[in-house]
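Note sheet for the following structure.
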Amino acid sequence: DGRGASTGRQRAGADVSGNGHETARAPAPIDRVRELPHDDASERGLLGAILIDDAALSAATEAGVTAADFYDPARRAVYEQMLALATARVPIDTVTLAHGLERSGALAAIGGVAGLASMADGDVIPSHAHGYAAKLRALGRVRGVMRTCRAIVARGYVAHEDPDAFVADAVREFFDATKEARAKPYVHVALALDEAYAQIEQASNQPEHVAGIATGLRGLDRYLGGFQKSDLVIVAGRPGSGKTSLAIQIAADAAARHGSRVLIFSLEMSRVALAHRLLSRASGIEGSRLRHGIAKAEGTAPWNDLHGAIAKLRDLPIWMSDDAAITAPQIQAKARRLAGEHGGVDLVVVDYLQLMAADRRAETRALAVAESTRALKALAKEMGAPVVALSQLSRAVEQRGPDARPRLSDLRESGSIEQDADVVIFLHAEHGHEDAGAAGYPVEAIVAKHRNGRTGVAGVHFSPHLTRFENLVPVGDLEDET
């Protein structure tokens, strides 16, 4: 009948109130809908192995097994008691376990002392503890992801006030749920020394002696050794100083030379404008000619150059986002998604820091920038890749005169930026450089902060019409550069 048809059209997860209107209803817990994946044999096997040889507990903890990885509540209580006994340095056997479980009221659920003893019977082999633990950990992760997804769905029914925050939180929670939670083991100093030697050897074998993402500017790489993994790099300067051009050049070179996976967040320019800059540098055609069109009288040569540039650039592992109102959590979420889809991210560029949308909870702009810089530093560590964030300067540098060199206190909202950054680079050109024309002009790349190395000034040459930076001095003259 008509009433039945209406009921069939009601959406899943909704109730109908007395006045006929639907009201949101969260789904039932996933455990009630269907039994979650688990393996009784592995749970019993691991507990039995620990009872026979408590050294098996070390195998379980090193594999990252927690009590939550046991699906059966009674076995979960047994494992918790085993951990408590180990912490108290009490031998683990049926007697000590029974006493502890009896005090907590969990002994009966496992079948009493007989139930504990039965876990060590049968085909349990203590040397197989690593295998039992791996199976438990894997299934525990599967259940964790399933529960996280169910919780996200449930919150989605009421996430009407701030949908963007809901999506960002959902991506973060899903990423956290899918990460392997195994703790890093302690290592002997010899391993750290071997890893350090390998990095030194790698840098020594490179023509530019660069171990990280090379800037392509030898004077700058001499100070930095390239942009290093997990570093937050700030590139700052006056408007028009070439901040974006430098960042895009480094990103394109890293992708072209080394296959580095690059993610660019452009909050100021559109992706088409970024593409114009890439094409101008790669083709040698001035940006204004690309924007206004190439005259027919110029013949086919410029078009051949343009097609050649597109052919070189189109397959590079570079991804762009030109969302002008993006927040730090959204940047983190997109980076995680790209890393999941392509096996990692090698370089992240944010252009620029002060345009990042503020978290509505931030009381002041300075606090909002502080949250952003902390989030970008956390992203660099999480991805194991450098994050390059461009930054404005405050008006204080202008008040000191047209040729005043920038300093750390000139960073806009400088406290948090200076504190969180591993490297700060200022781009500075002398007053009057605007009259240099197509030939370009010299620029100082000032390494004002370098947490793990030297600071100093590298001379470079900037051709704004081609958005291209080049080395100012020959390779052999680097030692004479001041």
Side-chain angles (χ1 to χ4, degrees), residues 168 171 212-217 226-237 241-283 287 290 309-310 312-357 372-373 375-380 382-392 421 423 425 427 466-469:
V171 172
I213 299 289
T215 68
L217 301 171
F227 294 157
Q228 304 301 313
K229 295 179 178 179
S230 303
D231 275 2
L232 174 60
V233 180
I234 300 296
V235 178
S241 60
K243 300 185 295 293
T244 301
S245 297
L246 178 60
I248 296 303
Q249 175 171 319
I250 293 171
D253 284 350
R257 294 180 182 179
H258 308 291
S260 300
R261 296 154 295 191
V262 178
L263 178 57
I264 301 172
F265 293 94
S266 178
L267 287 74
E268 186 174 32
M269 294 190 300
S270 70
R271 60 177 179 266
V272 174
L274 285 179
H276 276 162
R277 293 194 175 217
L278 288 170
L279 288 171
S280 176
R281 178 175 175 270
S283 67
L290 294 179
I310 291 174
K312 287 190 296 185
L313 294 169
R314 68 178 303 111
D315 293 327
L316 295 182
I318 299 175
W319 291 266
M320 301 177 180
S321 169
D322 58 359
D323 186 346
I326 199 166
T327 64
Q330 289 170 334
I331 287 177
Q332 291 173 319
K334 289 187 177 184
R336 289 164 180 156
R337 179 178 177 182
L338 183 69
E341 292 175 349
H342 298 279
V345 174
D346 301 304
L347 176 64
V348 178
V349 176
V350 179
D351 181 15
Y352 57 88
L353 182 60
Q354 284 81 8
L355 284 181
M356 291 174 61
S372 296
T373 56
L376 293 180
K377 175 58 182 175
L379 178 64
E382 180 182 324
M383 295 289 114
V387 172
V388 179
L390 311 188
S391 175
Q392 292 178 327
V423 174
I425 301 170
L427 298 180
L466 300 176
T467 64
R468 179 186 294 169
F469 279 87

Is the backbone N or O of [Y] less than 3.5 Å from a side-chain atom of [X], with the two atoms forming a donor-acceptor pair by type?
| X | Y | result |
| --- | --- | --- |
| T215 | L217 | yes |
| T467 | R277 | yes |
| Q249 | F469 | yes |
| R281 | S245 | no |
| Q332 | A375 | yes |
| K229 | A380 | no |

If we only count heavy atoms from C-beta on, is the [X] to [Y] side-chain gap below 4.5 Å?
| X | Y | answer |
| --- | --- | --- |
| L338 | R261 | no |
| K243 | D351 | no |
| I326 | K334 | yes |
| V388 | I250 | no |

Could you report the tightest heavy-atom contact between [X] and [Y], atom names first, then the distance?
| X | Y | answer |
| --- | --- | --- |
| A339 | M383 | CB-SD, 3.9 Å |
| L232 | A389 | CD1-CB, 4.4 Å |
| A252 | I318 | CA-CD1, 4.0 Å |
| A309 | L279 | CB-CD2, 4.0 Å |
| V345 | A335 | CG2-O, 3.8 Å |
| D346 | A385 | O-CB, 3.4 Å |

How many angstroms lie between [atom1] in [X] and [atom2] in [Y], if you round to the nearest 0.5 Å?
| X | Y | atom1 | atom2 | answer |
| --- | --- | --- | --- | --- |
| Q228 | I213 | CD | CD1 | 9.0 Å |
| S230 | K377 | OG | NZ | 6.5 Å |
| M320 | M269 | CE | CE | 9.0 Å |
| L353 | L390 | CG | CG | 9.0 Å |
| M356 | D323 | CE | CG | 11.0 Å |
| R271 | S266 | CZ | OG | 11.0 Å |

V348, V387, L355 screened by side chain to side chain contact (heavy atoms under 4.5 Å, CB included) with F265, the one that passes
V348
Step-by-step side chain to side chain contact (heavy atoms under 4.5 Å, CB included) determination, L376 to V350
CA-CA 9 Å; L376 293 180; V350 179; 4.1 Å; yes
Can you list every pair that meets ring-ring contact (aromatic ring centres under 6.0 Å, His included) and has a residue in residues 320-345, with sequence neighbours left out?
W319-H342
